[in-house]
Undergrad: 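Right, I'll just put the structure down here and ask away after.
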Amino acid sequence: MARITTRTLTIPITKGSNDAIHPATSVAMIKRLRRTDLPIDTIELARFLIGKMLVHDLRGRRTSGRIVETEAYPVGDAAGHAFRGKTGRNAPLYLARGHAYVYFVYGMYYCLNVSSERAGIGAGVLVRALEPFEGIDLMKERRSASSVRDLARGPGRLALAMAIDLRYNGVDLCADPSLWLGVSDSEYHGVVSATTRIGLSRERGRPWRFYERGSAFVSARRGRQRSA
DNA sequence: TTGGCGATTGGCT
DNA sequence: GCCAATCGCCAAT
């Protein structure tokens, strides 16, 4: 199967029953994103990450997917974990853009964020959903066999499918050997839409959730779906 | 030291 | 639509 080189990978696409594979693509190369590729602005980064790849590769057990949904938590946002200043928990948000901030929520799920500003400024982008690409069987094991559509649809499911936990808190996603951000040589995303964020009790009106319009791999609000 | 609650999810009514 | 699971964080005591 795929031979791993330092910066570029050749990936055979795994066909599965429910897989919605990007049309017209049979083999894709994923190249690491460098820090200089990332916009230095939380909201811009949230939009930029739609269509990019998230890759996890630990001891050859490799999973990856296209990011189809993000949320921005910029400086000054009362819903952001950095709003009340730096603490032991949120410190990775203050690292230079491109570092992972992983937090534990509701006593059972992890969520992955990408730090988004210059070092010393606390803000981040929550990665909420992936379109699974490689390692679909492995994701199914970790998630105890759900449909491909549901494997990484939602931040808690995404972290479980990608085996992301506190071990990755603070790692540099532009340098870490196991968890990293990339771009496919057949990079594709459709129309990126913005709506209000999900699951908040404060700052509910901010249109800082970004997603690929029409993607079946995007998470949805409970109850009535709203758009903006 | 305490207790309310959370950037969620799965299961049940 | 509603609720439980489950635990670390942090504001308030």
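Order of the sequence lines sets the chain letters (A, B, ...), proteins ahead of strands, with each chain counted from 1. These numbers were taken from a predicted model, which means no experiment stands behind them.
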Undergrad: Choosing from C:dA11, B:dA7, C:dA5, which nucleotide comes nearest the side chain of A:His81?
TA: B:dA7
Undergrad: On the nucleotide C:dC9, are OP1 or OP2 found under 4.0 Å from the side-chain N or O atoms that A:Thr87 carries?
TA: no
Undergrad: Does A:Met139 offer a backbone N or O that forms a donor-acceptor pair with the side chain of A:Arg143 under 3.5 Å?
TA: no
Undergrad: Identify the nucleotide, in any strand shown, that forms a Watson-Crick or G-U wobble pair with B:dT2, with both distances under 3.5 Å; if there is none, say none.
TA: C:dA11
Undergrad: Specify the separation, in whole Å, of atom CG of A:Leu158 and atom P of B:dA7.
TA: 17 Å
Undergrad: Output yes if the stacking criterion (under 5.5 Å between centres, under 30° between planes) is met for A:Tyr103 over the base of B:dA7, else no.
TA: no
Undergrad: May I ask you to say whether A:Arg97 pairs ionically with A:Glu117, meaning some side-chain N is under 4.0 Å from a carboxylate O?
TA: no
Undergrad: For A:Gly107, report the nucleic acid contact type (base, sugar-phosphate, nothing); a contact means any heavy atom under 4.0 Å.
TA: base
Undergrad: Grab the OH-P distance between A:Tyr101 and B:dG6 for me, whole Å please.
TA: 15 Å
Undergrad: Below the 4.0 Å mark, does B:dC5 have OP1 or OP2 next to a side-chain nitrogen or oxygen of A:Ser201?
TA: no
Undergrad: If the test is salt bridge (Lys or Arg N to Asp or Glu O under 4.0 Å), which one of A:Arg206, A:Arg84, A:Arg197 qualifies with A:Asp77?
TA: A:Arg197
Undergrad: Can you tell me the distance, in whole Å, between the CD1 atom of A:Ile164 and the C1' atom of B:dT8?
TA: 15 Å
Undergrad: Heavy atoms only: give me the nearest A:Pro92-A:Asn169 pair and the separation to one decimal.
TA: CG-OD1, 3.3 Å
Undergrad: Any side-chain N or O of A:Arg143 below 4.0 angstrom from OP1/OP2 of B:dT9?
TA: no
Undergrad: Rounded to the Å, how far apart are A:Tyr109 OH and B:dT9 P?
TA: 7 Å
Undergrad: Taking the P atom in each of C:dA4 and B:dG4, what is the distance between them to the nearest angstrom?
TA: 15 Å
Undergrad: Between C:dA5 and A:Tyr106, counting only base atoms on the nucleotide and side-chain atoms on the residue, is there a donor-acceptor pair under 3.5 Å?
TA: no
Undergrad: Do A:Val171 and A:His99 come close enough that some side-chain heavy atom pair is under 4.5 Å?
TA: no
Undergrad: Figure out the OH/C1' separation between A:Tyr110 and B:dG6, and round it to whole Å.
TA: 15 Å
Undergrad: So which heavy atom on A:Ala82 is nearest to which on A:Gly122, and how close?
TA: CB-O, 3.5 Å
Undergrad: Expressed in whole Å, how much space separates the C1' atoms belonging to C:dC3 and B:dC5?
TA: 15 Å
Undergrad: Over all strands shown, is A:Arg197 touching base, sugar-phosphate only, or nothing at heavy-atom distances under 4.0 angstrom?
TA: nothing
Undergrad: Taking only side-chain nitrogens and oxygens of A:Arg128, does any of them come within less than 4.0 Å of OP1 or OP2 of B:dT8?
TA: yes
Undergrad: Taking for each residue the nucleotide of DNA chain B with the nearest heavy atom, is it A:Gly154 or A:Phe104 whose nucleotide lies nearer the 5' end?
TA: A:Phe104
Undergrad: To the nearest Å, how far apart are A:Arg149 CZ and B:dG10 C1'?
TA: 15 Å
Undergrad: Starting at atom CG of A:Asp165, determine the distance to atom P of B:dT8, rounded to an integer number of angstrom.
TA: 18 Å
Undergrad: Tell me the interatomic distance from A:Leu160, atom CG, to B:dG10, atom P, rounded to whole angstroms.
TA: 9 Å
Undergrad: Return the pairing partner of C:dT6 with a 3.5 Å limit on both distances, Watson-Crick or G-U wobble; otherwise return none.
TA: none
Undergrad: Below the 4.0 Å mark, does B:dG10 have OP1 or OP2 next to a side-chain nitrogen or oxygen of A:Arg157?
TA: yes
